[in-house]
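Working notes for the structure below.
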Number of protein chains: 2
Amino acid sequence: MSTREKILDTALTLFNDQGTAAVSTNHIAEAAGISPGNLYYHFRNKEEIIRALFQRLFDTWDNGLPFPHDHQPTLADLKTIIETNYQIIWQYRFAYRELVALLRQDTELRKNFLAVRQRGFNGFHELIHTFSDAGIIHLPDDPKAIHELQEIVWLISEFWLTNLEVNGRSVNKGEMQNGVKLMLRVLQPYLV
Amino acid sequence: MSTREKILDTALTLFNDQGTAAVSTNHIAEAAGISPGNLYYHFRNKEEIIRALFQRLFDTWDNGLPFPHDHQPTLADLKTIIETNYQIIWQYRFAYRELVALLRQDTELRKNFLAVRQRGFNGFHELIHTFSDAGIIHLPDDPKAIHELQEIVWLISEFWLTNLEVNGRSVNKGEMQNGVKLMLRVLQPYLV
DNA sequence: ATATTATTAGAGTAAATACTCTAGGAGCAA
DNA sequence: TTGCTCCTAGAGTATTTACTCTAATAATAT
């Protein structure tokens, strides 16, 4: 593994465990088993490390979600997508916990994040319309209502894990399933 | 205003604007127009300031929500409660943004927060059953389903404003109304 | 082999941070 | 007035933080 990757992996672990504020560049270097000078050879500063981690998250978003291409999507596909989604968020949980602060500190990062997020939101929009066309779900006529439902489901997907952490509940497969259940509960009245 | 209150008000403003990590005790003292020594006369450390602010939040929770006592609650009452709720959260938004980090740093605070929150959750539970009894809402038979619906509405109430901030949307009365709409959208299929 | 470039270690530093200490006023009680 | 407690200012400090600099070593190209 390259030194650069080692730094990023170490930083991710520490950020997830202790939060970005509590983790200094010296900590990262020490935990990665390299010198501070070496760290600063690979990254100009802490902000750049955070940016690079977000970039990895963005790449995962854009490539890592298992949208079915070879068949009409089913409800099982939806569940799989949502679960994968949770796993990604859990992997980069520091980012979600501190989202407001991190995006405020770095407007460039904010721009990129919002763009990636918008792509995801659009993809999700298409997905539910696919379900609608396939007759799996019967959406309300009012497009505003549809948009609101989508916002609700999206909100749950982004904050369910944070919610678990706040509650001090351990985050595991089962709890992620509960998150899936909540999202389906919102849609339940519209399932055919 | 007492020096103690002045410190808390100043800290709250700075925390809301810049996050707790970026605000030092020296910053607070300077912004409050007092000396660092004076600040430390009133609070042992930064953690105590945060605790005191949470305590103010707890008091607001326990006393500030406009539950109707003189009449059967209506849907309008529900809306008012939710709106007040949003205003309180907005007033202490630093706490919600950084909840995971703050509660992890201070287990005593975590304990208190979870207790207050549980009280709120129980109150909310009673409220929707009141609505059910009054025939305003027709809940599903499955108690688990009811619990899930409650969890969803609760999640929206706790994270809607954070969600707005992430999106860079300005937080104002109108956007809070949108949050109310989302919560009602979840319940809409069950309204009589 | 030699020159060049890419990595790395580690000592060092200016600034910031949380917090302490001392001395002095302000109000009040006897 | 004298004493006492409460409150306040502000200088001072040990530690930490982000980051720099230099020199040495590894890798690669010619």
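The sequence lines fix the lettering, A, B, ..., with proteins before strands; numbering per chain opens at 1.
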(message) By the ring pair (Phe, Tyr, Trp, His ring centres under 6.0 Å) test, which pairs, at least two apart or in different chains, include something from residues 15-39 of chain B?
(response) B/F15-B/F94

(request) Could you list all the ring pair (Phe, Tyr, Trp, His ring centres under 6.0 Å) pairs where at least one residue sits in residues 164-192 of chain A, not counting sequence neighbours? (result) none

(message) Using a 4.0 Å cut-off on heavy atoms, which residues in residues 42-52 of chain B reach DNA chain C? List them by number, or say none.
(response) B/N45, B/K46

(message) Using a 4.0 Å cut-off on heavy atoms, which residues in residues 15-26 of chain B reach DNA chain C? List them by number, or say none.
(response) B/S24, B/T25, B/N26

(request) Note down the inter-axis angle between the two ends of the helix from C/dA1-D/dT30 to C/dA30-D/dT1, five pairs each, to the nearest 10°. (result) 0°

Whole angstrom is fine here: how far is it from [atom1] in [X] over to [atom2] in [N]?
| X | N | atom1 | atom2 | value |
| --- | --- | --- | --- | --- |
| A/Y41 | D/dC21 | OH | P | 16 Å |
| A/N38 | D/dA23 | CG | P | 18 Å |
| B/Y40 | D/dT13 | OH | P | 17 Å |

Sub-4.5 Å side-chain heavy-atom contact between [X] and [Y]:
| X | Y | result |
| --- | --- | --- |
| B/R93 | B/L161 | no |
| B/I82 | B/V153 | no |
| A/E108 | A/R51 | yes |

(request) Before accepting this row, confirm whether a basic side-chain N of the pair B/D9/B/R56 lies closer than 4.0 Å to the acidic partner's carboxylate O. (result) yes

In terms of side-chain heavy atoms, does [X] have a donor or acceptor partner in [Y] at a distance below 3.5 Å?
| X | Y | answer |
| --- | --- | --- |
| A/N172 | A/S170 | yes |
| B/N45 | B/E48 | no |
| B/T25 | B/Y40 | yes |

(message) Over 60° means perpendicular and under 30° means parallel, so tell me whether B/W61 and B/Y96 are parallel, tilted or perpendicular.
(response) perpendicular

(request) Fit a plane to each ring of B/W154 and B/F121, take the angle between them on a 0 to 90° scale, and name the class: parallel (under 30°), tilted (30 to 60°) or perpendicular (over 60°). (result) perpendicular

(request) Please step through salt bridge (Lys or Arg N to Asp or Glu O under 4.0 Å) for the pair A/E158 and A/R117, ending with a clear verdict. (result) CA-CA 11 Å; A/E158 281 197 330; A/R117 194 185 197 223; 2.6 Å; yes

(request) At the 4.0 Å heavy-atom cut-off to chain A, mark where contacts on DNA chain C begin and end, going 5' to 3'. (result) C/dA6 to C/dG10

(message) As a quick check of understanding, evaluate salt bridge (Lys or Arg N to Asp or Glu O under 4.0 Å) for A/E165 and B/R104, giving each step before the final call.
(response) CA-CA 9 Å; A/E165 287 199 275; B/R104 184 181 321 205; 3.6 Å; yes

